[in-house]
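Counting convention: from 1, in listed order, for ligands and their atoms alike. Excluded from the calculations below are hydrogen atoms, water molecules and symmetry mates; all remaining heavy atoms, backbone and side chain alike, are included. All values derive from a computational prediction rather than experimental measurement.
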Amino acid sequence: MNPLVDIRQFDQSLWLDFISRPILIDGKLQRRISDEALRGVTSNPAIFAKAIGDSTDYDAAIAALATQGKTNDEIYTSLAVADVQHACDLFRPLYDGEGHGSDGYVSLEVSPTLVNDTEGTITEGLELWHAVNRPNVMIKVPATLEGLPAIRRLIAEGVNVNVTLIFSVERYKLVAEAFLTGLEDRAAAGKPLARIDSVASFFLSRIDVLIDPLLEKIAAEGGEKGTLAQSLVGEVALASAKQAYQLYKELFAGPRWAALQAQGAETQRLLWASTGNKNPKYDDLKYVENLIGPHTVNTVPVETLDIFRAKGQPKVRLEDDLEQAQEVLRRLPELGLNLEELTNHLEVDGAKKFNEPFGKLMESIDSKRQQALTGAVAAATMQLGQYQAAVDAKIQALNQQDFTTGFWDKKADLWVQDEAGQASIRSFMGWLRVAETMVGRVAEIEQFVHEVKAAGFKHVVVMGMGGSTMAPIVFKAAFEQGVGGLPMSVLDTTDPGTVREIEAAVPLADTLFIVASKSGTTAEPLAFGDYFYAKLKELKGDKAGENFVAITDPGSKFVTAATEQGYRRIFLNFSEVGGRFSALSYFGLVPAALYGLPIGEMLARAVRMMRACGAYGPVAHNPGLELGAALGVLAEQGRDKLTLVVPDALADLGLWLEQLIAESTGKEGKGILPVAGEPLGDVSIYGSDRVFVYVGYQGQADAANTDKLRQLQQAGHPVITILMQDALDLGAEFYRWEVATAVASAVFGINPFDQPNVQAAKTATDGLMKVVETQGSLPEKTQPVARENGVDYYAAVSGTNAAEVLQAFFAQTKPGDFLCLQAYLTESPAVSASLQELRLRVQQQLHIATTSGYGPRFLHSTGQYHKGGPDTGLFVQFTDDNPQDLALPGRSYTFGTFKNAQALGDLEALQSYHRRTLRVHLGSNAEQGLKTLLAALPKLG
Ligand SMILES: O=P(O)(O)OC[C@H]1O[C@](O)(CO)[C@@H](O)[C@@H]1O
Ligand SMILES: O=C[C@H](O)[C@H](O)COP(=O)(O)O
């Protein structure tokens, strides 16, 4: 038995007189709707003042909006509208359902400053109606004399209206009249009347709060009047309500109403407001239990609702003792109390009660806004030596050309001149403002996180390739798991050993799997999804889908598949945001929020960087443009190896930057090669093809790196330093680097948003997989040139043993070349250490840049540069026997075969571009095989 539910049998609807972002996010409001028959929500300026002004819940959003240049009013409206929209969406099933009974509404009030302004109320009422853009919002308009014509007009416009601040039966009559006339105006204009709902909010406790002390004073004076006054104490509000209800019954009967009703009109129900008891002498449920009657609403504060749940006695009482109620109102004048005058006072006071907290709220928003505007983005120090003049000239030229304005206007001719290229560029510029859009989606994502935790999930696995998983990889390394977050793993390889490791490490039944693929067609994430879905099916049968979430573009085939498989949630990203530019969209933010990171703050920092980059008006220095111009000019002058130096915790930032820069710029034989994970060595080992970029933290000494960088700079190498305040600045840095990459691409005259040469490897892999499907295995096309100690060497160079082949392969090196290690192996500290050693030896002996990546991850990242960039790479591919291979459910091949096909396909692609390649097959033990190779490696150079 729950009184909150039982009250429904008396046709009274309970609404909640409160709203705040936390109750929207943490599932509390949803639970009240689903479990406790809550049927609507009302807000008012004082409620928002409490929710926004007295908490830090909205601070990140305020900062982001302030940075966008919004005024205090705009910030308030944006926050309130977002909450009301969110609540409307929670009530939407009720509103749309058969038993809606004119419920499912959320009310939003016009500014309390408009209480005596008819035109202002109409304008703002319509603005809010359009801004919320939900059929189940009610716009709250005060029942002042100036409010009445606004009510009529808004109703005629088809806006649902909650008339607030009604304190007397007389005024209620005028309110109902405004409603009826509004409907008649609408009918006369030939517009439909159905589903235009309105409530008349009659304020109760405030009446007693005003009148009781007056009555008590008279009572204290004694005599007959005193006795009468004593008998009326605490009775006036309820008596007014009862009389109003009788009037309601009269007004919504008879021919006038029948004519409107025939056209589908609904009555304007009475809503009991101000029903939280304010007098400790009274029962807490005084304004709830006594006002239960058919076709009425009571909007109840949280505390009162909880008391009613605990001990409420629902029963129709609204028409009890009607005569006595009349008597109460009739006899007041005998005591010299003029109810009309008194309630006028309540009206003035009511406006004040909303205006004062609203004013304080605006002051608090103002100070938070000012504070946000003082925040600066991390400065980039550029020590460019002999290149400084050329870079400055480029920046000046870009500024003269007003590049920043053109950039924000999406002028594609800043990059390429052909029409098809320009159209493609324009269609991928959604990332420019995606952070702004996501500011408005933070609450939705946080609500999802609560839902996931409430459902008992203990772990998250994000599965995808390239841009769909890079940001989560960075977050996991740069941040500790956040308070209230879930442990997170990322799967971005078809390597069976890694798949097994992840499977063994997570509690399968309690793990949420996120399949992230923009296109929804990338082979790897679909395979990961199939694999773990089959595992979950074994555990949970038809409920397997509960453990799966998709992030993909609208309309992708994957949307259909995920829907059919009953995925818990499908987040639709934005087709105009490309994979490597998607860190600040659902792809980065959903995993970040599940991991417990404050995504609102991260977005606020990103928006701050947007502002610095000219998103909201001209800027003297655009940090993204300046970095991009420097990188572009330096690359054109031969400094095309962007050597990233970072403290340990930021090591994985290199993976993200590698994809962004290499996949965007590495085409048409041009590009910037990101070199990540190469420890800094002696000045003497570096060629004149390097630019060093240090990304670290302010105030955190990193002497080993900074000393070496100083020496490099003194030796004439360009050095760029960016110092973040903390890891949350990654939001800003993602944005800075995205702009810089786009600008550097403009310097090269290329389209940064396509990846034409990635396809070559995919096509070759697809061809090989067809062979696997028909013949059962991959074709073995070539023989090794050398085979030694269980390790096979495949190359175009000749040699009779490992050392000779390695010698001959590396003998092809020219200054300005780079070594690229491609490891299609299970990632492990031992494998990584051997790869590092190989890099180090080559770097020290041949003085070339070295890169290293695990396959197939890099195929969706630096793979573009390998084939599309300049022909300066020496590629060493490592494969093994996949000793721990795994079958792929419903397919004729294993993860291992799939990975082998990817390796072989890419090798074919590299060779078709005449790249210098060496494939080393390490046999059954990759760790041992790498050591064997290192032992065989002769002195180079
Ligand atoms: O998100 P999707 O469509 O699965 O693509 C994954 C990755 O593959 C690429 O398209 C390259 O193959 C990347 O640009 C992208 O980030
Ligand atoms: O919608 C109505 C108002 O929000 C509310 O009931 C005001 O109540 P109060 O008198 O407790 O402020």
So which protein heavy atom does [atom] come closest to, and at what separation?
| atom | answer |
| --- | --- |
| atom 14 (O) of ligand 1 | Glu663 OE1, 2.9 Å |
| atom 12 (O) of ligand 1 | His860 ND1, 2.8 Å |
| atom 6 (C) of ligand 1 | Met465 O, 3.2 Å |

Could you establish whether [X] and ligand 2 come within less than 4.0 Å of each other, counting only heavy atoms on the residue side?
| X | answer |
| --- | --- |
| Asp17 | yes |
| Lys278 | yes |
| Lys353 | no |

Handout entry: Whether Glu524 lies under 4.0 Å from ligand 1, heavy atom
Key = no
Handout entry: Heavy-atom gap Gln659 to ligand 1 smaller than 4.0 Å
Key = yes
Problem - Atoms of ligand 2, numbered as shown, that sit under 4.0 Å from any heavy atom of Asn44 - result: 3 (C), 4 (O), 5 (C), 7 (C)
Practice task
Provide the number and element of each atom of ligand 2 under 4.0 Å from a heavy atom of Lys140.
Solution key: 1 (O), 2 (C), 3 (C), 4 (O)
Handout entry: Qualifying residue for side chain to side chain contact (heavy atoms under 4.5 Å, CB included) with Val300, from Asp306, Ile307, Leu38, Leu305
Key = Leu305
Practice task
In plain terms, say whether Arg269 and Asp197 are close enough for a salt bridge, that is, a side-chain N and a carboxylate O under 4.0 Å apart.
Solution key: no
Practice task
Would you mind telling me if ligand 2 is within reach of the side chain of Ser201, the backbone, both or neither, using heavy atoms under 4.0 Å?
Solution key: neither
Exercise for the section: Applying side-chain hydrogen bond (donor to acceptor under 3.5 Å, both in side chains), run through Thr494 and Glu524 and close with a yes or a no. Expected result: CA-CA 7 Å; Thr494 46; Glu524 296 93 328; 5.9 Å; no
Practice task
Would you check if the side chain of Asn298 reaches a backbone N or O of Leu14 as a donor-acceptor pair within less than 3.5 Å?
Solution key: no
Practice task
Starting from the C-alpha separation in whole Å, work towards a yes-or-no answer on ring pair (Phe, Tyr, Trp, His ring centres under 6.0 Å) for Tyr913 and His866.
Solution key: CA-CA 9 Å; Tyr913 289 98; His866 300 160; over 10 Å; no
Practice task
Decide salt bridge (charged side-chain N to carboxylate O under 4.0 Å, His left out) for Arg171 and Glu347; before the verdict, give the C-alpha distance in whole Å, the side-chain angles of both, and the deciding distance to 0.1 Å.
Solution key: CA-CA 11 Å; Arg171 184 58 56 84; Glu347 184 174 302; 2.6 Å; yes
Exercise for the section: Would you check the N or O atoms of Gly467, main chain and side chain alike, for any that come under 3.5 Å of an N or O of ligand 1? Expected result: yes
